[in-house]
J.: 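Right, I'll just put the structure down here and ask away after.
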Amino acid sequence: MALIEKAQGRKVDQSPSGYTRLFGISTLGNLISKVHAACISAGTELERFIWERVNQISDLDKFITETLHKKEDSGKIWVAIKRQIKQSKTINSKYEPDFIAFDLKLRMCYVIEVKDGDQFDTKKASGEHNTLHNFTNDISHDLPFSTRIFMCCFHARNIEEMYIGLKGKFSKDELMTGKDLCLLLGIDYDEIIKIRTSDQQRNLDYFINSLLYIDTIKNMIKKRLGIFKI
């Protein structure tokens, strides 16, 4: 999991963050901004963990022009990541999903967006849906494959939970959990979860220790607990 201690939060000499305005304590506001930054970087970390474990396409353009037109009966799924899509000279689209995955046996291209969370406002959910569909429209003439889009909320417990969190902007057959994604790509969901949860105690220790270094917080805790030393 992304570490809070390594996150770049709001610096003390910068203008007050929204968190500082909420609490009225700049050091606490800066700490919460580090937590927020760590949550954001956790999404990038998740994409990296997935990418490191899939059957990677080393050269997307070469794959499309050569391998893509060959039949394969193994059922293996081949995956390209966002930066490859962006750099591709074969795929022409201003939209860039997190992954595209190819099943050569079924002649199917899966267009996949992966999110660490599962709650979105209506505008954000609608934008994500439009982006995936616009991308598939753009590539439909470049790839001799059928396409399917998937929004994956990696830690969602079920599709219904995702459907509600995405404000109904995606149909349920366009949604998949982390377990579904890992099954599709042939990677180990439990291994990723184990790695990602291994730093939770370190994050908790850092957060508590940082709170106790803030004199205002420390004094409030002492007063409420009725003790004189922590």
Side-chain angles (χ1 to χ4, degrees), residues 1-2 37-70 72 74-118 120 124 127-156 162 166 170 174-196:
M1 182 64 71
C39 285
I40 293 174
S41 64
T44 302
E45 178 193 67
L46 175 59
E47 292 174 24
R48 177 171 59 83
F49 283 157
I50 293 170
W51 173 241
E52 290 172 347
R53 289 160 175 77
V54 299
N55 297 309
Q56 298 179 4
I57 296 173
S58 59
D59 186 323
L60 180 56
D61 286 332
K62 184 177 180 179
F63 181 86
I64 291 173
T65 57
E66 296 180 9
T67 313
L68 198 54
H69 299 284
K70 298 177 181 178
E72 182 177 301
S74 68
K76 183 182 290 187
I77 304 294
W78 294 95
V79 181
I81 200 168
K82 180 181 292 187
R83 60 175 172 76
Q84 294 175 300
I85 300 168
K86 183 176 182 178
Q87 296 167 358
S88 173
K89 294 179 174 60
T90 306
I91 292 178
N92 298 305
S93 178
K94 66 178 181 179
Y95 305 100
E96 299 153 11
D98 291 328
F99 302 99
I100 51 176
F102 298 96
D103 186 325
L104 300 184
K105 183 178 181 180
L106 298 179
R107 309 302 294 174
M108 180 67 70
C109 173
Y110 301 102
V111 180
I112 303 168
E113 190 75 13
V114 180
K115 300 297 182 184
D116 204 36
D118 59 9
F120 304 84
K124 175 68 172 176
E128 294 286 359
H129 185 263
N130 290 338
T131 292
L132 291 178
H133 277 284
N134 288 338
F135 178 81
T136 58
N137 290 336
D138 288 344
I139 68 172
S140 61
H141 300 296
D142 299 323
L143 302 177
F145 268 52
S146 299
T147 57
R148 285 195 66 181
I149 72 162
F150 281 114
M151 168 63 79
C152 171
C153 295
F154 199 81
H155 296 281
M162 292 177 58
L166 286 157
F170 285 79
E174 294 174 332
L175 304 175
M176 61 166 44
T177 64
K179 287 184 178 180
D180 296 332
L181 176 65
C182 290
L183 182 63
L184 174 68
L185 301 182
I187 59 179
D188 190 335
Y189 171 81
D190 292 329
E191 180 206 8
I192 293 177
I193 294 298
K194 183 177 181 180
I195 293 172
R196 300 201 80 208

J.: So how far is it from I91 CD1 to C109 SG, rounded to the nearest 0.5 Å?
T.: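 Result: 7.0 Å between the selected atoms.
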
J.: Applying side chain to side chain donor-acceptor pair (under 3.5 Å) as the test, list every pair that has at least one member in residues 136-147; sequence neighbours left out.
T.: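 Sorted result for residues 136-147: S93-D138.
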
J.: For residues 79-95, which residue pairs pass the salt bridge (Lys or Arg N to Asp or Glu O under 4.0 Å) check, not counting sequence neighbours?
T.: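 Listed once each, the pairs are K82-D98.
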
J.: Hey, does Q84 have a side-chain heavy atom less than 4.5 Å from the side chain of Q56?
T.: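 No; the side chains remain at least 4.5 Å from each other.
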
J.: In terms of side-chain geometry, is the basic nitrogen of R148 or D103 positioned less than 4.0 Å from the acidic oxygen of its partner?
T.: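 Looking at R148 and D103, the cut-off is not met.
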
J.: Would you call the rings of F102 and F63 parallel, tilted or perpendicular, taking 30° and 60° as the class edges?
T.: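 Tilted: the ring planes of F102 and F63 meet at 30° to 60°.
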
J.: Quick one: side chains of residues 181-194, donor-acceptor pairs under 3.5 Å with protein atoms, not counting sequence neighbours, listed by atom name and distance.
T.:
from : atom 1 : to   : atom 2 : distance (Å)
D188 : OD1    : D190 : N      : 3.0
D188 : OD1    : E191 : N      : 3.1
E191 : OE1    : R53  : NE     : 3.1
E191 : OE2    : R53  : NH2    : 3.4

J.: Indicate yes or no: at least one non-hydrogen side-chain atom of F135 is less than 4.5 angstrom from one of I85.
T.: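 Counting from C-beta outward, F135 and I85 do come under 4.5 Å.
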
J.: Contact between I139 and I100 at the side-chain level, heavy atoms closer than 4.5 Å - yes or no?
T.: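 Heavy-atom side-chain distance check fails, nothing below 4.5 Å.
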
J.: Are T131 and P97 side-chain neighbours, meaning at least one heavy-atom pair lies under 4.5 Å?
T.: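 A side-chain contact under 4.5 Å is absent here.
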
J.: What closest approach, in Å, do C152 and T177 show between heavy atoms, and which atom pair accounts for it?
T.: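 Heavy atoms only, the tightest pair is SG-O, 3.6 Å.
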
J.: Supply the atom-to-atom distance I149 CD1 to M176 CE, rounded to the nearest 0.5 angstrom.
T.: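 So the gap between those two atoms works out to 11.0 Å.
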
J.: Report the C-alpha distance between L106 and F145 in whole Å, list the side-chain angles of each, state the deciding distance to 0.1 Å, and finish with yes or no for side chain to side chain contact (heavy atoms under 4.5 Å, CB included).
T.: CA-CA 9 Å; L106 298 179; F145 268 52; over 6 Å; no

J.: Restricting to ring-ring contact (aromatic ring centres under 6.0 Å, His included), what partner residues turn up for F99, sequence neighbours left out?
T.: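 Partners of F99 under the ring-ring contact (aromatic ring centres under 6.0 Å, His included) test: none.
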
J.: Does any part of the side chain of E174, heavy atoms only, come nearer than 4.5 Å to the side chain of L166, both counted from C-beta?
T.: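 Side-chain contact under 4.5 Å: no.
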
J.: Say you draw a straight line from CE of M162 to CZ of F120; how long is it, rounded to the nearest 0.5 Å?
T.: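 CZ of F120 is found 8.0 Å from CE of M162.
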
J.: CD1/I195 to CG/L46 distance, rounded to the nearest 0.5 angstrom?
T.: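 The CD1 atom of I195 sits 11.0 Å away from the CG atom of L46.
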
J.: Going by the rule side-chain hydrogen bond (donor to acceptor under 3.5 Å, both in side chains), which residues pair with E47 if we only count those two or more places apart in sequence or in a different chain?
T.: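 Checked E47 against side-chain hydrogen bond (donor to acceptor under 3.5 Å, both in side chains); zero matches.
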
J.: How many angstroms lie between CD in E96 and CD in E113, if you round to the nearest 0.5 Å?
T.: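 So the gap between those two atoms works out to 10.5 Å.
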
J.: Does any N or O in the side chain of R196 come within less than 3.5 Å of the main-chain N or O of A42, such that one atom is a donor and the other an acceptor?
T.: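 Answer holds: yes.
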
J.: Checking E66 now: which residues fulfil salt bridge (Lys or Arg N to Asp or Glu O under 4.0 Å) with it, not counting sequence neighbours?
T.: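 E66 satisfies salt bridge (Lys or Arg N to Asp or Glu O under 4.0 Å) with no other residue.
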
J.: For the residue pair H129 and F170, categorise the inter-ring angle as parallel (less than 30°), tilted (30 to 60°) or perpendicular (more than 60°).
T.: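 Judged by the thresholds at 30° and 60°, the geometry between H129 and F170 is perpendicular.
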
J.: So, taking the atom named CG in L143 and the one named CD1 in I64, what distance separates them when rounded to the nearest 0.5 Å?
T.: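 If we round to the nearest 0.5 Å, L143:CG and I64:CD1 are 5.5 Å apart.
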
